[in-house]
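Down below is the structure, laid out as structure tokens.
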Number of protein chains: 2
Amino acid sequence: MDQRKDKHNCGISHKGCISLVPIFNHLDAEQMDEIMETVQSWSFKKGELVYRAGEKSDVLTIVNKGSLRIYRLSESGKEQLVRVLKPGEFTGELALFNETVHENYAEAMEPTSVCQITRADLQALLVKYPSISLKILQELSTRVDQSETQAARFTTESTEQRLALYLSDLLGPDSESSIVTLPLTKKDLASYIGTTPETVSRKLKELEEANLIERISSSKIKILDEDKLLFL
Amino acid sequence: MDQRKDKHNCGISHKGCISLVPIFNHLDAEQMDEIMETVQSWSFKKGELVYRAGEKSDVLTIVNKGSLRIYRLSESGKEQLVRVLKPGEFTGELALFNETVHENYAEAMEPTSVCQITRADLQALLVKYPSISLKILQELSTRVDQSETQAARFTTESTEQRLALYLSDLLGPDSESSIVTLPLTKKDLASYIGTTPETVSRKLKELEEANLIERISSSKIKILDEDKLLFL
DNA sequence: TGAAATATTTGATTTCCATCAAGCATGTCA
DNA sequence: TGACATGCTTGATGGAAATCAAATATTTCA
């Protein structure tokens with residue numbers, strides 16, 4: 001299926017698309033208006049691909065509404081969930097900055113709208129507003145760190161520990177509530193932490209039997225003892 | 001051991017440090033001279049740390065001569081080799097751009113000299129020469145990709161496949177010779193591909209017995225059949 | 001709503017690889 | 001030079017988790 005068949009032009013671009021985004025929303029109103037002029041807005045239905053590995057591209061894609069599943073197919077053809085993009089986050093930087101093809105797939109997880117800005121327009125903006133560069137550099141260096149953290153966990157932690165760390169990451173440091181909502185299906189969660197759905201199911205059961213967590217519903221989990229969870 | 005005790009000021013900074021580096025060497029001579037004024041040069045003996053996890057820092061570190069082992073300690077305390085920096089490559093971007101602490105350790109693998117540029121100086125340069133931003137964005141997006149590739153391999157490929165892919169990566173696409181030189185000790189290689197030295201030894205033996213490779217010396221390996229190697 | 005499709009759980013079995021242990025090789029430096 | 005340390009290889013064992021299979025639960029949408 002061609003990408004053209006998936007995406008639907010939204011017509012006039014929404015201001016939200018720019019004012020929402022950390023890489024742009026520190027600018028003042030007129031500057032954001034200026035940027036708005038240069039972006040294109042598109043919407044995708046659940047399951048549609050924004051781009052796929054192997055495609056060339058010269059746009060940066062910013063999520064406006066909905067969410068995108070970023071995944072890759074490894075050399076042996078198995079799927080690996082890399083990350084989920086929420087509104088305000090961007091993707092496509094590899095193909096954009098290196099003038100190469102995408103290595104990932106980006107798929108709408110729900111009805112999703114995105115904005116796209118071309119390489120030429122973005123470069124012009126970077127020259128005019130260097131603070132945008134800094135924001136993107138910030139985001140990319142964070143992303144390198146996250147990816148390295150994830151990679152290190154694969155080789156040094158057990159599956160149970162990776163699951164526990166994932167739950168703890170969801171909770172965050174500023175945890176008012178101890179109830180986390182899994183933002184992924186079990187299948188995607190399994191892929192993300194590098195295991196199978198069967199093992200996720202078993203390990204959650206073990207954590208529950210050890211009174212470290214309590215399953216409220218299929219996607220809601222109460223963390224009963226975060227400290228012990230991290231000490232597995 | 002304090003960082004201050006490890007590093008030794010080289011006095012006048014070397015031009016090499018700047019002219020060598022992809023993020024700067026597209027500028028013209030005067031501009032590079034200008035940048036040289038702002039960088040500090042340091043040298044480290046084998047085993048000394050340029051920085052360690054948990055430290056704050058406001059400098060970008062660029063390798064001039066030698067090499068740096070970038071590694072991290074996971075939540076459970078085990079070491080994971082993230083990458084090896086060669087002359088012209090940089091590190092420290094996370095602490096620099098996000099004003100946070102390092103998550104990695106950077107250790108000299110041999111006598112190594114580096115240049116460092118401060119956040120303030122770098123920001124001024126980014127404003128003055130936006131092309132530098134683009135180079136850094138390029139490098140960081142490549143690094144995100146490499147790290148995601150590595151992470152995906154951990155979860156989707158067997159140890160044998162990861163080793164084979166690593167050897168194939170060493171060979172590169174433009175392979176005149178079919179002999180690769182392992183740039184890492186077996187221990188570091190094992191850490192990098194997420195296994196143990198014992199398993200590396202065994203798998204190399206298996207690959208040799210299958211006539212896919214031939215061990216010339218402890219660090220030199222001849223690839224006999226790259227296609228089969230990738231098809232494991 | 002209810003049937004079909006999809007997800008989740010549970011169980012049984014197998015496989016891969018880490019770990020532990022010991023022998024061999026190589027390098028180092030007193 | 002030789003003794004010690006360090007690194008590499010090989011073997012034996014155990015354990016963690018993938019795979020295969022089947023039953024149950026949940027979601028989807030006609």
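Proteins get letters first, then strands, A, B, ... in listed order; numbering begins at 1 in each.
Between B/Glu139 and B/Pro22 the shortest side-chain heavy-atom distance does not fall below 4.5 Å. Considering only heavy atoms from C-beta on, B/Thr112 stays 4.5 Å or farther from B/Glu48 through its side chain.
Listed by residue number, A/Ser158, A/Thr159 are the residues of residues 157-164 of chain A with a heavy-atom contact under 4.0 Å to DNA chain D. Contacts between residues 180-211 of chain B and DNA chain C, defined by a heavy-atom separation under 4.0 Å, are made by B/Gly194, B/Thr195, B/Thr196, B/Glu198, B/Thr199, B/Arg202, B/Lys203.
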Output one line per pair: protein atom, nucleotide atom from nucleotides 27-30 of chain D, and distance, for all N/O pairs under 3.5 Å.
none

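The bend of the helix from C/dT1-D/dA30 to C/dA30-D/dT1, defined by the angle between the axes of its first five and last five pairs, stands at 50° to the nearest 10°.
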Contacts table for residues 217-225 of chain B: side-chain donor-acceptor under 3.5 angstrom, sequence neighbours left out:
{"from": "B/Ser217", "atom 1": "OG", "to": "B/Ser219", "atom 2": "N", "distance (Å)": "3.4"}
{"from": "B/Ser217", "atom 1": "OG", "to": "B/Lys220", "atom 2": "N", "distance (Å)": "3.3"}
{"from": "B/Lys220", "atom 1": "NZ", "to": "B/Thr181", "atom 2": "OG1", "distance (Å)": "2.8"}
{"from": "B/Asp225", "atom 1": "OD1", "to": "B/Asp227", "atom 2": "N", "distance (Å)": "3.4"}
{"from": "B/Asp225", "atom 1": "OD1", "to": "B/Lys228", "atom 2": "N", "distance (Å)": "3.1"}

Should A/Arg162 and A/Gln150 be marked as a side-chain contact (heavy atoms from CB on, under 4.5 Å) after you check the CA-CA gap, both sets of side-chain angles, and the distance that decides it? CA-CA 9 Å; A/Arg162 296 200 302 276; A/Gln150 187 68 354; over 6 Å; no
Decide yes or no on side-chain contact (heavy atoms from CB on, under 4.5 Å) for A/Leu68 and A/Met109, but give the supporting numbers first. CA-CA 6 Å; A/Leu68 294 182; A/Met109 298 177 74; over 6 Å; no
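For the pair B/Arg143 and B/Phe90, the cation sits on the ring face: its NZ or CZ lies under 6.0 Å from the ring centre, inside 45° of the axis.
The distance from atom CG of A/Leu229 to atom CG of A/Leu163, rounded to the nearest 0.5 Å, is 8.0 Å. One finds the CD1 atom of A/Ile117 at 11.0 Å from the CD atom of A/Gln40 (value rounded to the nearest 0.5 Å). In this structure, B/Thr156 OG1 and A/Gln80 CD are separated by 6.5 Å, a value rounded to the nearest 0.5 Å.
Between the side chains of B/Glu157 and A/Ser74, at least one donor-acceptor pair of N or O atoms lies under 3.5 Å. Of the N and O atoms on the side chains of B/Ser41 and B/Asn64, not one donor lies less than 3.5 Å from an acceptor on the other residue. Side-chain contact check for B/Ser67 and B/Glu110: at least one donor-acceptor pair (N or O, by modelled atom type) lies under 3.5 Å.
Using a 4.0 Å cut-off, some side-chain N or O of B/Arg215 falls inside it from OP1 or OP2 of D/dT9.
Protein atom CD1 of B/Ile221 is 12 Å distant from nucleotide atom P of D/dC8, rounded to whole Å.
Residues in residues 184-196 of chain A take part in these salt bridge (charged side-chain N to carboxylate O under 4.0 Å, His left out) pairs, two or more places apart or across chains: A/Arg69-A/Asp188.
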